[in-house]
Amino acid sequence: MDKDLFVLLLIVVIRGCAPLLILRWQFAGGLLCILADTSDSILQDALGAEPLAGHYHLVDKSFDIYYLAFECGVALWRWTDPLARGAAAALFALRAAGVVFFELTGFRGTFLFAPNVFENFYLFVSGMRSVDPGFRIPSWRWLVVTIVAVGAPKLLQEYVMHYRESATWHFVKENILMWR
């Protein structure tokens, strides 16, 4: 089998199946989806293949929205807290609209206006719910503070990765993991 085809199949299987874990384990499944999200770059580098060359961003963002949709579905159908549910739906819609806008225009600044705050918000709430199944966001003020707290690191990440177009995986690989 061709190396590029093999890596492509691995990426599709990993990224396609990982979100199913969210249905069973809300928090752990979400974390595993983040690992699956990074797997495409790691697999391509480790195996010396580039099956997504020229189409990486479209494929990556499509798989991102796919797994985020699983998380949003869990938030809408399993969370009983109306503030958390409403915020999750709004943050997911913002990100999905941003991805569509980016794909239509190619304007990288889109991700500064539609950062993936949903992912961090989902992980925070599902993590809290895994510790205390009755967890609820007590007020609008608490909701705003939570969104700002979980959103700030994501906004920085969006700036570095998508606006500045820094190759973060290569930086981590070469300077932290010392994998050359």
Side-chain angles (χ1 to χ4, degrees), residues 1-79 88-89 91-104 106 108 110-111 114-130 150 153-154 157-158 160-162 165-180:
M1 178 183 294
D2 178 10
K3 187 174 13 176
D4 280 349
L5 178 59
F6 176 72
V7 171
L8 178 63
L9 290 174
L10 273 176
I11 291 168
V12 169
V13 168
I14 292 169
R15 299 280 315 259
C17 293
L20 298 173
L21 300 171
I22 293 166
L23 300 175
R24 176 67 176 96
W25 301 286
Q26 293 178 31
F27 180 65
L31 292 176
L32 289 171
C33 281
I34 292 172
L35 289 175
D37 184 18
T38 63
S39 70
D40 47 21
S41 295
I42 295 169
L43 286 169
Q44 289 180 92
D45 280 358
L47 299 176
E50 288 193 59
L52 302 177
H55 304 286
Y56 177 79
H57 286 289
L58 175 62
V59 172
D60 180 58
K61 293 297 173 231
S62 297
F63 274 122
D64 288 352
I65 292 298
Y66 170 69
Y67 88 78
L68 294 174
F70 274 78
E71 291 177 345
C72 188
V74 164
L76 293 175
W77 290 303
R78 294 189 184 168
W79 293 358
L91 292 170
F92 174 76
L94 176 66
R95 180 55 172 195
V99 168
V100 169
F101 185 80
F102 169 74
E103 290 302 329
L104 293 174
R108 300 194 73 75
T110 299
F111 297 117
N116 190 8
V117 175
F118 168 76
E119 181 174 51
N120 286 6
F121 181 78
Y122 172 86
L123 289 172
F124 172 76
V125 173
S126 64
M128 294 299 289
R129 287 175 43 85
S130 71
V150 302
K154 201 62 172 177
Q157 178 191 14
E158 298 287 0
V160 170
M161 287 180 63
H162 297 297
E165 297 186 63
S166 295
T168 52
W169 161 243
H170 294 289
F171 176 82
V172 169
K173 180 180 81 168
E174 294 169 7
N175 297 297
I176 297 173
L177 300 176
M178 304 299 181
W179 175 18
R180 299 191 193 268

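Position 1 is the first residue of the sequence, and the numbers go up from there.
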Do Ile22 and Cys33 come within less than 4.5 Å of each other through their side chains, counting heavy atoms only? yes
Where the side chain of Arg24 meets the backbone of Gly29, is there a donor-acceptor pair that is under 3.5 Å apart? no
List in chain and number order the residues that pass ring pair (Phe, Tyr, Trp, His ring centres under 6.0 Å) with Tyr67, two or more places apart in sequence or in another chain; answer none if no residue qualifies. none
Within the structure provided, determine whether Leu94 and Val117 are in side-chain contact (heavy-atom separation under 4.5 Å). no
Mind checking side chain to side chain contact (heavy atoms under 4.5 Å, CB included) for Ala49 and listing every partner two or more places apart, or none if nothing turns up? Lys3, Asp4, Val7, Pro51
So, the side chain of Tyr66 versus the backbone of Gly16: is there a donor-acceptor pair under 3.5 Å, distance only? yes
Go through the structure and list residues passing salt bridge (charged side-chain N to carboxylate O under 4.0 Å, His left out) with Asp37, not counting sequence neighbours. Arg15
Salt bridge between Lys154 and Glu119, side-chain N to carboxylate O under 4.0 Å? yes
Residue list, ring pair (Phe, Tyr, Trp, His ring centres under 6.0 Å) with Phe6, at least two apart or on another chain: none
Less than 4.5 Å apart, any side-chain heavy atom of Phe70 and any of Leu21? no
Check this for me: Glu50, atom CD, are more than 12 non-hydrogen atoms of other residues, nucleotides or ligands nearer than 6.0 Å? no
From Ile65 CD1 over to Cys72 SG, what is the distance, rounded to the nearest 0.5 angstrom? 10.0 Å
Kindly compute the distance separating CG (Leu10) from CG (Leu47), expressed to the nearest 0.5 Å. 7.0 Å
Work out which heavy atom in Phe101 is nearest to a heavy atom in Thr110; give both atom names and the distance. CD2-OG1, 3.2 Å
Phe92 and Leu76, any side-chain heavy atoms less than 4.5 Å apart: no
Evaluate the side-chain proximity of Asp64 to Val99: yes if any heavy-atom separation is below 4.5 Å, no if none is. no
Please enumerate all residues that pass side chain to side chain donor-acceptor pair (under 3.5 Å) together with Gln26, with sequence neighbours excluded. Trp79
Can you tell me how far CG of Asn120 sits from CG of Leu91, rounded to the nearest 0.5 angstrom? 10.0 Å
For Phe27, which residues count as a ring pair (Phe, Tyr, Trp, His ring centres under 6.0 Å) partner, sequence neighbours excluded? none
To the closest 0.5 Å, what do you measure between CG (Asn116) and NZ (Lys61)? 8.0 Å
Do the side chain of Ser41 and the main chain of Thr38 share a donor and acceptor less than 3.5 angstrom apart? no
Write down the atom of Glu71, the atom of Gly30, and the distance for their closest heavy-atom approach. OE2-CA, 3.4 Å
Non-hydrogen side-chain atoms of Val74 and Tyr122 separated by less than 4.5 Å: yes
Is any side-chain heavy atom of Asp40 closer than 4.5 Å to one of Tyr56? yes
Run through Ile11, Val12, Leu5 and flag the one making a side chain to side chain contact (heavy atoms under 4.5 Å, CB included) with Leu9. Leu5
